[in-house]
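What follows is one structure encoded as structure tokens, with my remarks underneath.
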There are 4 protein chains.
Amino acid sequence: MLQENNGEAGLLHWLGGQIDPHSGVPIYLQVRQALTRAVQRGTLRPGDGLPTVRALASELRLAPSTITRAYAELQRGGLIESRAGAGTTVSPQAKQSLARAESQEGLLEELRDILHRLFASGMSPADVQANVAQVIQGLGREAR
Amino acid sequence: MLQENNGEAGLLHWLGGQIDPHSGVPIYLQVRQALTRAVQRGTLRPGDGLPTVRALASELRLAPSTITRAYAELQRGGLIESRAGAGTTVSPQAKQSLARAESQEGLLEELRDILHRLFASGMSPADVQANVAQVIQGLGREAR
Amino acid sequence: MLQENNGEAGLLHWLGGQIDPHSGVPIYLQVRQALTRAVQRGTLRPGDGLPTVRALASELRLAPSTITRAYAELQRGGLIESRAGAGTTVSPQAKQSLARAESQEGLLEELRDILHRLFASGMSPADVQANVAQVIQGLGREAR
Amino acid sequence: MLQENNGEAGLLHWLGGQIDPHSGVPIYLQVRQALTRAVQRGTLRPGDGLPTVRALASELRLAPSTITRAYAELQRGGLIESRAGAGTTVSPQAKQSLARAESQEGLLEELRDILHRLFASGMSPADVQANVAQVIQGLGREAR
DNA sequence: GTGGTCTAGACCACA
DNA sequence: GTGGTCTAGACCACA
């Protein structure tokens with residue numbers, strides 16, 4: 001119990017150092033990214049409990065709803081799981097979710113690179129968007 | 001102009017054989033692609049005159065607006081030029097325009113491949129479109 | 001101008017009838033669903049402007065943040081587009097987004113049916129979830 | 001029991017040929033599948049005795065825990081029965097258990113198909129897992 | 001006690 | 001003026 005308390009206290013303290021309210025980056029995003037890094041580094045592992053919304057809010061001197069928003073997005077990304085009454089834990093598939101997010105970030109960089117090259121070659125934004133929309137429409141067809 | 005009449009009659013006949021109204025491919029696209037192929041093969045060369053919109057429409061038994069659309073897109077792509085009174089001609093930079101179009105087609109294939117991989121990794125179409133829009137906005141900012 | 005005003009006034013009035021704060025369904029969800037229905041029925045069409053967050057909030061006697069949340073989710077689903085200063089409009093690809101959402105709903109029903117049959121045949125929830133996780137892992141591999 | 005010894009020796013030898021430690025398939029799974037096939041083909045019939053964990057482990061040169069895990073899963077599937085002192089036998093309902101396992105495999109294929117279609121239509125893995133979890137929770141409620 | 005929803009209103013960047 | 005973020009706190013369902 002003491003050990004766990006120490007670990008959680010350490011996490012709270014570390015999180016406090018990750019948040020800069022004047023950086024211009026929305027705070028809920030900073031919280032989300034800090035927790036993502038904690039899972040990446042293994043500080044938080046699948047099954048580990050996260051601080052409660054209120055505990056983290058009071059530690060970081062933020063409104064609870066700001067933490068709630070960060071937690072909600074992490075949940076949507078499959079990194080954590082929240083249940084009323086039971087608290088919030090790192091999800092069993094957190095590693096896979098991270099791997100997916102990282103591969104997506106890599107793909108997004110490739111996407112941006114190609115878009116820049118298309119625009120540089122004179123293609124209009126409208127044409128590019130039309131091509132993207134066409135691929136999306138094709139997906140719908142596959143899914144039927 | 002008169003000496004081109006024979007060639008033009010041959011072109012009209014050849015174009016007629018390139019259009020299949022039942023193929024499902026939009027007819028303006030077929031016209032555009034057929035004329036592009038004619039330039040690729042050297043049947044049409046920089047400076048050559050194209051049939052007027054009305055002549056081509058009546059020959060292919062299509063609505064003039066269909067031809068207008070095909071010509072407009074080819075003009076936008078830099079393959080042909082229209083000037084009031086002077087008719088439509090293959091533009092002097094047609095070869096470079098073709099090369100650019102081909103490189104664009106290659107880039108578009110890369111684009112489609114990346115999009116498919118992004119969707120396969122679970123990214124939502126709305127998120128992808130948001131990323132594309134973001135790059136476009138960024139371009140606007142650079143241009144300012 | 002008057003016609004547009006009428007249309008928007010009509011939409012506001014209709015939306016008011018779609019929200020029941022005592023139904024147990026979160027209000028932001030009710031707003032989201034009502035607007036989705038409006039697009040489904042063609043009351044709202046691509047390019048149409050939606051009421052401003054504040055106008056809709058005051059009409060429905062809700063806090064602005066409740067509307068903001070509904071708009072944010074609709075935006076995430078690709079149905080609408082919001083830009084600070086420019087207001088919120090139905091997105092050009094709204095129809096495709098709807099089609100995708102509908103086909104997803106159909107697939108989710110199939111999914112629930114199969115899950116029930118698997119459980120009825122004696123498979124444990126843990127085994128089912130393991131199978132789902134395995135498919136997801138496979139996706140990551142494809143995306144690389 | 002003695003009269004089964006010949007048969008059992010044959011079984012042990014046949015099992016040895018079914019296991020390939022370099023195939024990448026977990027060995028406990030290979031053992032489980034090999035024994036399942038033996039029941040499918042009638043080599044093992046309801047009431048027949050299986051080798052003891054230690055006998056099979058030493059014959060196949062595997063760790064006893066590997067065999068234990070294979071036996072445990074077969075038991076969970078209703079294919080075999082273990083009783084302290086009496087050893088392990090093919091259960092009387094083995095045939096029905098097999099039929100159920102086969103129908104489960106069919107359902108799992110349907111499950112995988114639907115999951116792929118959901119991901120292809122842009123649904124995120126986290127959303128899919130949330131839906132699965134929701135069905136499981138619903139089952140719990142029904143059972144109460 | 002826990003997370004989720006909602007309020008009423010402040011403040012910000014963008015236009 | 002517009003949407004996006006954030007606050008401080010109330011209320012709810014679930015456990």
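Chain letters run A, B, ... following the sequence lines, proteins first and then strands; every chain starts at 1. Computed from heavy atoms alone, side chains included, the values below leave out hydrogens, waters and symmetry copies.
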side-chain contact (heavy atoms from CB on, under 4.5 Å) evaluation trace for E109(B) with Q104(B)
CA-CA 9 Å; E109(B) 271 185 42; Q104(B) 283 180 348; over 6 Å; no

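Near DNA chain F, meaning a heavy atom under 4.0 Å from it, residues 18-30 of chain A has P26(A), I27(A), Y28(A) in order of number.
Taking atom CG of L56(A) as the reference point, atom P of dT2(E) lies 13 Å away to the nearest angstrom. Taking atom CD on E81(C) and atom P on dT2(F), their separation rounds to 18 Å, with Å as the unit.
An OP1 or OP2 oxygen of dG4(E) is reached within less than 4.0 angstrom by no side-chain nitrogen or oxygen of T68(A). Within the structure, a side-chain polar atom (N or O) of Q75(A) is placed less than 4.0 Å from OP1 or OP2 of dG4(E). For dT5(F), the OP1/OP2 oxygens have a side-chain nitrogen or oxygen of R69(A) closer than 4.0 Å.
When each of dG3(E), dT7(E), dA13(E) is scored by its nearest atom to the side-chain atoms of A84(C), the top-ranked nucleotide is dA13(E). For T52(A), taking side-chain heavy atoms from C-beta onward, the closest of the listed nucleotides dG3(E), dT7(E), dC14(E) is dG3(E).
Proximity of Q93(C) to P125(B): side-chain heavy atoms (C-beta onward) are nowhere separated by under 4.5 Å.
Counting only distance, with no hydrogens or angles, the side chain of T88(A) and the backbone of S82(A) share no donor-acceptor pair below 3.5 Å.
Taking the nucleotide of DNA chain F with the nearest heavy atom to each of A86(A) and R61(A), the more 5' of the two is matched to R61(A). Of the two residues near DNA chain E, S65(A) and G87(A), the one whose nearest nucleotide lies more 5' is G87(A). Nearest-nucleotide positions on DNA chain F place S82(C) closer to the 5' end than the other of S82(C) and G85(A).
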Pair assignment for DNA chain E - dot-bracket with | for other-strand partners, Watson-Crick or G-U under 3.5 Å
||||||||||||||.

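Applying the 3.5 Å distance criterion, the base of dG3(F) shares a donor-acceptor pair with the side chain of R54(C).
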